[in-house]
Each structure stands twice: as C-alpha cells, then as structure tokens.
Undergrad: 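Have a look at the structure that comes next, please.
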Amino acid sequence: MAHMSLLYGTICFSHDSWLENRSKGSRWFGIDSISNPSRYPFPLRRRVVEYLHDKINTNEWIDQTFMNFQIENATPFLNRLEKELNPPQFQAVTYTDGPLLVLAGAGSGKTRVITYRIAYLIAVKRLAPWNILAVTFTNKAAGEMKERVDVILRHSLRGLWLGTFHSLCARILRYDGKAIGIDPRFSIYDTTDQGAAIKRAMAVCNVSPKEAKPAAILAMISKAKNRLEWPEQFEENARDEYEVRAARVYKTYQAILRENNALDFDDLLIEAVRLLLHKPEVGETYQKRFQHILVDEYQDTNHPQYLFLRELAKHHNRICAVGDDDQSIYRWRGADIRNILEFERDFSNVKIIRLEQNYRSTRNILAAAGHLVQQNSGRHKKTLWTDKEDGEKLGIVRLPDEISEAIWILNEVSRLYTEKSTPYGRMAVFYRTNVQSRLFEEECIKRGVPYRLIGNIAFYERKEIKDVLAYCRLLINPADMVSFQRIVNLPKRKLGAKAVQCLMDYASLMKLPILKAAKTIREEKHEATIHPTTRERFYLFSTLFQKWHSQTKTLSLPTLIETIVNDCGYSAMLEEDNDPQSQARLDNIHEFITAAMQFEKRFDAEIPSPVDTIVKLAAFLENVALVSQIDQLQEGEDALILMTLHGAKGLEFPYVFIAGMEEGLFPHSKSLDSKEAIEEERRLCYVGITRGQMRVVLTHVESRRLYGRSEWTRPSRFLQEIPDRFVEELCWSDAKPSLYHPPGVMEAFVSFGGDSGDWRKEQFEPGDMVNHRSFGFGVVLGVEGEGGRARVTVDFQEIGKKTVIQEFAKLTKV
DNA sequence: TTCTCCAGGATTTTT
DNA sequence: TCCTGGAGAA
Ligand SMILES: Nc1ncnc2c1ncn2[C@@H]1O[C@H](COP(=O)(O)OP(=O)(O)OP(=O)(O)O)[C@@H](O)[C@H]1O
C-alpha cells in the first residue's frame, strides 16, 4: 500500500483557483507526467537518476553512478534461488529472453515464481525497480509480495510498480489522463456511487426503476465496457427496444460520470487502455519504462486488462504471466479465459513452463480436488504431484440444519484449538454466499472464539464512512455530484430533494462544478426556482468547504478529517440521536481517522519533501477506494478466518471447512441451468479444497433457512464427484443424526458436550443493565425462554443490538 | 421538509 | 428475515 503514495509526489494544488475549471483541472491540480520529471519533488539525486533513466535507459550506467543499492555479488543470490526453487521454477524465474507463461495447478508455487523473479531481475539482472511492473489480484497480495521481495533483497524497491490492475490504471490516469481529457482530480465510484449515478441517468431518460432494475442496467453497461463498447457502438449493436433504451441510459450515465469528473471501476481500465492506444507519446513512455511485466492470476484477467498488458509490453516484449485455468472463477464479471489459453498467439516467441509439484496439500486433498475438477470439459490437462504423505481423508459431514452446521464446525475448531493447540488463524471457514457467514459469526461470539470476517460489508462501505468519504471527495473534486447529493443534507440542513435537484440541474446547465454552483446560486438573480433562504443555505454549505480548503496548509491529514467531521455537524448528529448504533458509528469514524493517521505516517516516510495535506487526502482517498475486502486480513492476529470461497483464492490454511455443500447453494441455484456456470462453480470448489494444507472438511445440511423459510436440500453434486477412497463420512456426534432435530434441541445437545457449566440461573428482564465479556455494557431489550437457554436481546453500547444465548454469553447484571 | 410506516424484494460471487 | 425506498401525513 505504501507504494500508492508515490504517485502523488508530483501533484500540485493551487489554492487560488479552487472551485474553478472543472475540465481544465491542470491548473488547480497540476500533475507532471512521468515524462516530464523536471518538477519531481524528490531530492536532486533521485530526480536526476529517474530523469536519465527515462532518457537513456541504461541500467549499468545508473548502477555505477548513482544507485545506492547494496546488492551482494549475484552468485550467492543465485545459489539461494537454486536452493529455494525447484528446477522448473528456477527456469521460470531466470528466463528473460521473451514472453513467458507459467501454466500450473494449485499450490505449485506460481506466486512464488513471480516474487522471486522480481528479486532476480533487480539483484542479478540489475534492473532498477523502476523498470518493473507487477500486477496482482488484490492489494493485499501486492503488499505481501512487496514485503517478500523486500525480505529477499533487503534493499529499496522505490519506483517499483506493484499493484492491482485498477490501482495501476488509476495511477497512470492521474499522471497522464489529461492527455485524453481526464481531470486528475477524478473521483472513483464504487457500486453504491454507481447506483446513485445510474438512477439519475434513468430518471433523465424516463426509464423507471420498475421496468428495468438499475443493477441490471449497470451489469449491461459493465459488460459493454468489458467489450470496449462505448455508448455509440452499444446503440448500434442494440438488438431490441430494451437495448436501445439501455444504450440511452448508458450514454447519459457516462455523461453524468464525466460531468462529475468521476470514473467507475471499469472506466479505470478502459480509459487507461484508451490513453495507451490513442496517445502514442504517452504510451511510449510507459512501454520503454517497463522492461519487465509480471502478472499473477492471469486466468482471471478480462479483455481490457489484456489490452493494457499488450500495449505496455509492446516495446520490450517481456511479459511473464502465471495462472491456472482450473482456478478461473471470475468469468461472471468478465474475465476471459482466452487470455491465458491464447497467450501463445497473443505474444511472439512465447515460452511455456509447467510446474507440477504441489507444495501445499496432502495427497488426499490433492487427489480429491484433482478428480473433482476433471469433471470439467475443455481444460488444460495438468499433472500435479506431491511428496507429502496421504494425510487425513477429506471429511464430509451431514447435519440437520444450518445452525447445527455452525455449531459442529465451531466444535471442531475449538477441539483443534484446545486438543492440538492449533492457533485459530490456521483454520478457515469458506462458504458460497455472504449470508452464510452470519451464523458462524454468532457462534464465534457465543463461544468467545476470536474471528475475522472477511468481506460482507467492507469497512469503507459502511454508511458513516461513506458519508465522511463523500465530504472528503467533494473537497478534492468539487464537481462530484454523487458525493454532493449524499451529504448536502446530512446532517439535516433543510435542503430537500427538490431544491438539491434544482441546484444540480442549474449546475449542469451552467457547466459549473456543483460546489461552485452552491456558492454562486445566492447571487443568481434570475434563478427563481429556488427560494432565497434555501439559496442562502446552499451558500452556507459551500463556505464549509472553503474553510476546510484554507486549512489544508496547516492541518495534518487526520486533523483535517476530524475537523471536517466536527464542523459539518456529523459527529454532533450522531452524538445527539438515541440510536444505539450511533456509538458504533462514531467509533468507526475514529477508526477511519486512525487509518488516516497511519497513512500519513507512511506517506511522510516515503515522500520526504513537505506536501500539502490535500494531496495526502487525495492519495488516501484513492487508497481507500481501491482496497478490496480481502485486504482486511491482518497478519499476526490469531483469529478464525471466515470468508467466501472467492475470497479464498491465492491463500492457504492448514485446516479448511467448506460449509453449505448443497445443490442450489453450491452450485448456486442461479448457476444450475448452464453448463459453463456449473463448471465455474466446480472450479470454485476446486479452489476451495486446494486451499487446505492438512485437512479439509465439507459440510452439508438437510434443511436450510433462507429468507426465513426452511427448505429441504440435496447434497451438492460435487460431493459425489470426489471418489470415496479420499473421503470419510463424519457424524456430528456418536449418535447418528435423526431426520429432524428442532434447532433448540440441537443446540442444547451440543452445548452440553462443550464447555458449559458457566451459565447462570440468573433471570434477566428488559431494562436490566448487563455486562458481557467482549461486548461490554448494554441494556436488555427482551428475553425469550428461560434459564441458561434463554435468548436475551441486548442493546450494547459498543456494537448495538445483539441477541445472545444466556449460557454462552456469560452475561452479568450490573 | 421531515418523519413514519408499510410493502416488496433480496443475496452469487467483487475490483 | 431484514432492509430499503416510496408514499403519505405532520
Ligand atoms: N520450491 C519450493 N519449495 C518449498 N516450498 C514451496 C516451493 N514452491 C512453493 N512452495 C510453497 O508452496 C505453497 C504454494 O505456493 P504458491 O502460493 O506460490 O502457489 P500458487 O501456485 O500460487 O498457488 P495457487 O495457484 O493455488 O494460489 C506456498 O506455501 C509456498 O511457500
């Protein structure tokens, strides 16, 4: 993540013309292209190095003259590589004569190859980090890789471009997007923001949300963008009336984004591609610069990403991609498997290396996964072997319902923890859909098992955080109407929907940034649609931003955000209202401010020259916009990992539980009617199983509750596709599960087997103040049932409303 | 303009 | 089952 901040080194903000020039942002937020390093704010020596690097491209000269890298003699390093890599891996790391594709199964060390290859290029091939571009699937993977390379090399990686496609494209667009008319202050719109924009677009086009779901239109637009179809072509290709109207919405949507100076996730990619394709002088700079390109998880790249790579690799033709077609699980969002299958055709003189030794899993796990994925058609046959022992067979457990499923898995987790001293962090529970996480979470809470829930509602998608972010974004990008609309009346400022709509129309008409419109509308004598007092309120609102903007020179980043939160009345609003969630919201905001503080620390460490806080804010926002959910995984904390199967990609755990192995859930009901979709689900299962190092357990239930309705289910076909000899059926206790257990009975049964004895006979009543071991204080709202088995609903100060089982929660009256 | 209540839809996966 | 958003009243 630290690398993110580098790109802001050259951004300059000028205070004089704030709010001005929506389209010619350069004056306000001028960014020097990397091709013009004359204003590079680094110490002189670096500046010269990079300048020359760009101009003459000779590493040797740079090395001898300036580089302060302390790389030992290359020979010990090579010896080390030979020791830590097997021969094909070694070959993949050291082959540098042309395009290279590493096609290999799970756990064969593909990521390891990328990591060592970066180190090799720097240490042995004497490339400057500056000349390397590496792409990973998540920011977390990028961070880890950077750390690994750091450890291997022990020298500065400054200048190395390592990140996700989205973050790298954003970076390029901030530098050079202005060549294709993109203001470098652009906001990045996530799904929620897109929703707001598409609704507006639909309103403009007279398409009601009833006849077409906004999400469906967005999906169509995203698909079109993945094919690089602009609204015009999309309209030409429209096959029916519906698509014609969709095309109109698409066009309007794009216009709105542009007006707001915003890009959505897809735009980041396709605009970067457009830049590279249509501005050869810009493209060339990058093509020359990146002598080596490395890509992990290549099987899940989409068409724009492929074009991005193809363009960048044009000059040096040295691209190294690694991937596994059996692990392609993102075709539903446009990933194109042809990228990896036709790699040989796409680049010239391609060398293909296969890795066949798996270092991760036991034989049973590997064989089970292998047999499963063999059911798929049209795949590359791969050999995968291991010199590990057979290990335990895969466990398959049948349970009566989803509650006992959670109980069973947590029993197992607790058992591993107490009996085998397995740290929680070495165990993970995977599931197909996010809803499933809830029961596991509740069960963890009941038992006091520390857990880490990955995904679901990402921290930065929480309401309160998005609100604060909207204030920040508006401060950076005064044209951002989606952010404006979000917070202009939050806290309440008596600025209702109608008035806001009028102002936005006015801003569009006058081609003014929305914030500027809010400011000037007061003086606008001819604008009769908005009441003068309302105009005054808009003006008042705009002065907030003016004030903050004038403070960006003096305040630190966290203080600035704190000032914003206080000045705008947001914290007061939360403090005053009686919603039990408010305290948790405030805490989240503080956590956000702490994150800003940490970010600033890293930023300052990387960019020594003083930088205006608003630049840091911009960098921080970008960092925030592009973090993915998996990025929440923290090292060093011992907690059970809960996540979707998709999130599990690229990770490994000694103990893996996969829950919900039922037809209609996994494979998901929406995938049942197409062979391709089923095969993708099967690959997902393959990915899940191959995450396991020592033991994998698959659970399924007889009946599952969905939307409050219980459904009978059938075991997933994937269970049958694993040959019996790799599997053992487990019972959830010594007794054979009978056909039907009411959930309460199950729970009681299990709880007596576990560590009980601590539950009290104490009776709670609504209104009682109680204390909970991990949730702190709260007020009882309601009680259901009696004694230790009672379900007590408590409104906790810290985390809000929760229902707990008395005997597990260890509640005490205060 | 804001608040409250009710209906109806949702959850497949995510940068 | 829970949440969102729309409609209608204050
Ligand atoms: N040559 C090796 N010697 C020892 N361990 C290795 C070797 N190569 C890889 N490993 C280990 O094997 C495990 C899997 O490696 P890695 O994650 O790089 O595989 P991968 O092919 O990227 O896996 P996947 O595609 O399933 O995500 C890691 O724990 C890694 O440290």
Side-chain angles (χ1 to χ4, degrees), chain A residues 135-142 163-170 188-192 194-196 199 208-210 213-215 218-219 222 225-226 263-270 297 300-302 304-305 328-335 402 430-439 454-458 460-461 463 488-500 531 533-534 537 577 622 624-631 643-649 660 664-672 674 677-678 680-681 683-685 687-688 704-710 801 803:
Chain A
V135 194
T136 56
F137 201 69
T138 61
N139 288 297
K140 170 155 196 299
T164 62
F165 279 103
H166 293 270
S167 64
L168 296 168
C169 287
I188 298 173
Y189 277 4
D190 70 6
T191 323
T192 321
Q194 286 184 60
K199 274 178 202 157
S208 90
K210 291 216 175 79
K213 273 186 271 168
L218 274 175
S222 176
K225 286 183 176 177
N226 271 318
L263 301 177
D264 65 22
F265 285 134
D266 296 318
D267 286 341
L268 290 176
L269 303 176
I270 61 179
E297 309 279 14
D300 274 327
T301 50
N302 63 22
Q305 290 167 343
S328 154
I329 53 174
Y330 283 97
R331 293 186 205 179
W332 56 270
R333 73 166 196 214
E402 75 281 356
F430 303 150
Y431 35 80
R432 179 67 233 272
T433 66
N434 277 310
V435 251
Q436 291 169 260
S437 66
R438 195 153 149 182
L439 286 164
I454 311 295
N456 246 3
I457 332 116
Y460 293 111
E461 272 160 34
K463 253 188 235 96
V488 64
N489 201 26
L490 198 83
K492 302 263 176 289
R493 298 189 177 92
K494 299 194 157 78
L495 295 166
K498 207 183 109 241
V500 172
H531 195 274
T533 52
T534 309
R537 292 189 191 120
D577 83 10
E622 172 147 329
V624 160
L626 297 172
V627 293
S628 63
Q629 311 200 314
I630 194 74
D631 300 335
M643 63 176 143
T644 64
L645 285 146
H646 283 86
K649 170 157 149 166
L665 185 60
F666 190 27
H668 195 271
S669 51
K670 302 235 158 133
S671 302
L672 292 179
S674 107
I678 289 281
E680 179 146 322
E681 301 269 328
R683 289 192 296 270
L684 190 56
C685 191
V687 169
R704 181 174 294 274
R705 241 159 105 110
L706 199 61
Y707 309 144
R709 178 165 250 102
S710 264
K801 212 173 82 178
T803 300

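Throughout, a chain's letter reflects where its sequence line sits, starting with A, and its residues are numbered from 1.
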Undergrad: Between P on dT15(B) and CZ on R333(A), what's the gap in Å once rounded to a whole number?
TA: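 In whole Å, dT15(B) P and R333(A) CZ are 6 Å from each other.
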Undergrad: I'd like the P distance from dT4(C) over to dT13(B), given in whole Å.
TA: 16 Å
Undergrad: Among residues at least two apart in sequence or on other chains, which ones pass salt bridge (charged side-chain N to carboxylate O under 4.0 Å, His left out) with D267(A)?
TA: K225(A)
Undergrad: Specify whether F265(A) and H166(A) have parallel, tilted or perpendicular ring planes, treating 30° as the upper limit for parallel and 60° as the lower limit for perpendicular.
TA: perpendicular
Undergrad: Rounding to a whole Å, what distance do you find between F165(A):CZ and dT14(B):C1'?
TA: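 Going from CZ in F165(A) over to C1' in dT14(B) covers 15 Å.
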Undergrad: Please produce a list of atom pairs where a protein N or O lies less than 3.5 Å from an N or O of nucleotides 1-3 of chain B.
TA:
| unit_1 | atom_1 | unit_2 | atom_2 | d |
| --- | --- | --- | --- | --- |
| dT2(B) | OP1 | K494(A) | N | 3.2 |
| dT2(B) | OP2 | N489(A) | ND2 | 2.9 |

Undergrad: With L218(A), which residues qualify under side chain to side chain contact (heavy atoms under 4.5 Å, CB included), at least two apart?
TA: Q194(A), I198(A), Y253(A)
Undergrad: Is there any protein nitrogen or oxygen under 3.5 Å from a nitrogen or oxygen in nucleotides 8-12 of chain B, and what are the pairs?
TA:
| unit_1 | atom_1 | unit_2 | atom_2 | d |
| --- | --- | --- | --- | --- |
| dA10(B) | OP1 | K213(A) | NZ | 3.3 |
| dT12(B) | OP1 | K670(A) | NZ | 2.3 |
| dT12(B) | OP2 | H668(A) | NE2 | 2.9 |
| dT12(B) | O4' | H668(A) | NE2 | 3.3 |
| dT12(B) | O2 | R432(A) | NH1 | 3.1 |
| dT12(B) | O2 | R432(A) | NH2 | 2.3 |

Undergrad: Output all residues satisfying side chain to side chain contact (heavy atoms under 4.5 Å, CB included) with A219(A), sequence neighbours left out; order by chain, then residue number.
TA: none
Undergrad: Considering every strand and a 4.0 Å limit on heavy-atom distances, what is the contact class for F666(A): base, sugar-phosphate, or nothing?
TA: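 Nothing: the residue F666(A), judged by heavy atoms under 4.0 Å, touches no strand.
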Undergrad: Would you grab the first and last nucleotide of DNA chain C (5' to 3') that comes under 4.0 Å of any non-hydrogen atom in chain A?
TA: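 Using the under 4.0 Å cut-off, the span is dT1(C) to dG5(C).
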Undergrad: By ring-ring contact (aromatic ring centres under 6.0 Å, His included), which residues pair with F165(A), not counting sequence neighbours?
TA: none
Undergrad: Holding to ring-ring contact (aromatic ring centres under 6.0 Å, His included), I want the full list of residues that pass it with H668(A), two or more places apart in sequence or in another chain.
TA: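 Counting only residues at least two positions away or on another chain, H668(A) forms no ring-ring contact (aromatic ring centres under 6.0 Å, His included).
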Undergrad: What's the CD1-C1' distance between I678(A) and dT13(B), to the nearest Å?
TA: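 In whole Å, dT13(B) C1' lies 14 Å from I678(A) CD1.
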Undergrad: Taking side-chain hydrogen bond (donor to acceptor under 3.5 Å, both in side chains) as the definition, give me every residue that meets it alongside R705(A), ordered by chain and number, with sequence neighbours left out.
TA: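 Once residues adjacent in sequence are excluded, R705(A) has no partner under the side-chain hydrogen bond (donor to acceptor under 3.5 Å, both in side chains) criterion.
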Undergrad: Would L168(A) and V135(A) satisfy side chain to side chain contact (heavy atoms under 4.5 Å, CB included), going step by step from the backbone distance to the final call?
TA: CA-CA 8 Å; L168(A) 296 168; V135(A) 194; 3.9 Å; yes
Undergrad: Applying salt bridge (charged side-chain N to carboxylate O under 4.0 Å, His left out), name anything that partners R683(A), two or more places apart in sequence or on another chain.
TA: E680(A)
Undergrad: Roughly how many Å is it from CZ in R331(A) to P in dT14(B), rounded to a whole number?
TA: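 Answer to the nearest Å: 18 Å.
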Undergrad: Using ring-ring contact (aromatic ring centres under 6.0 Å, His included) as the criterion, list what pairs up with Y189(A), not counting sequence neighbours.
TA: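 Here no residue qualifies.
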Undergrad: Can you tell me how far C1' of dT15(B) sits from CD1 of I329(A), to the nearest Å?
TA: 13 Å
Undergrad: Just jot down the salt bridge (charged side-chain N to carboxylate O under 4.0 Å, His left out) partners of E402(A), sequence neighbours excluded, or say none.
TA: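 Salt bridge (charged side-chain N to carboxylate O under 4.0 Å, His left out) check on E402(A) returns nothing, list empty.
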Undergrad: Using a heavy-atom cut-off of 4.0 Å across all strands, would you classify R709(A) as base, sugar-phosphate, or nothing?
TA: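 No contact.
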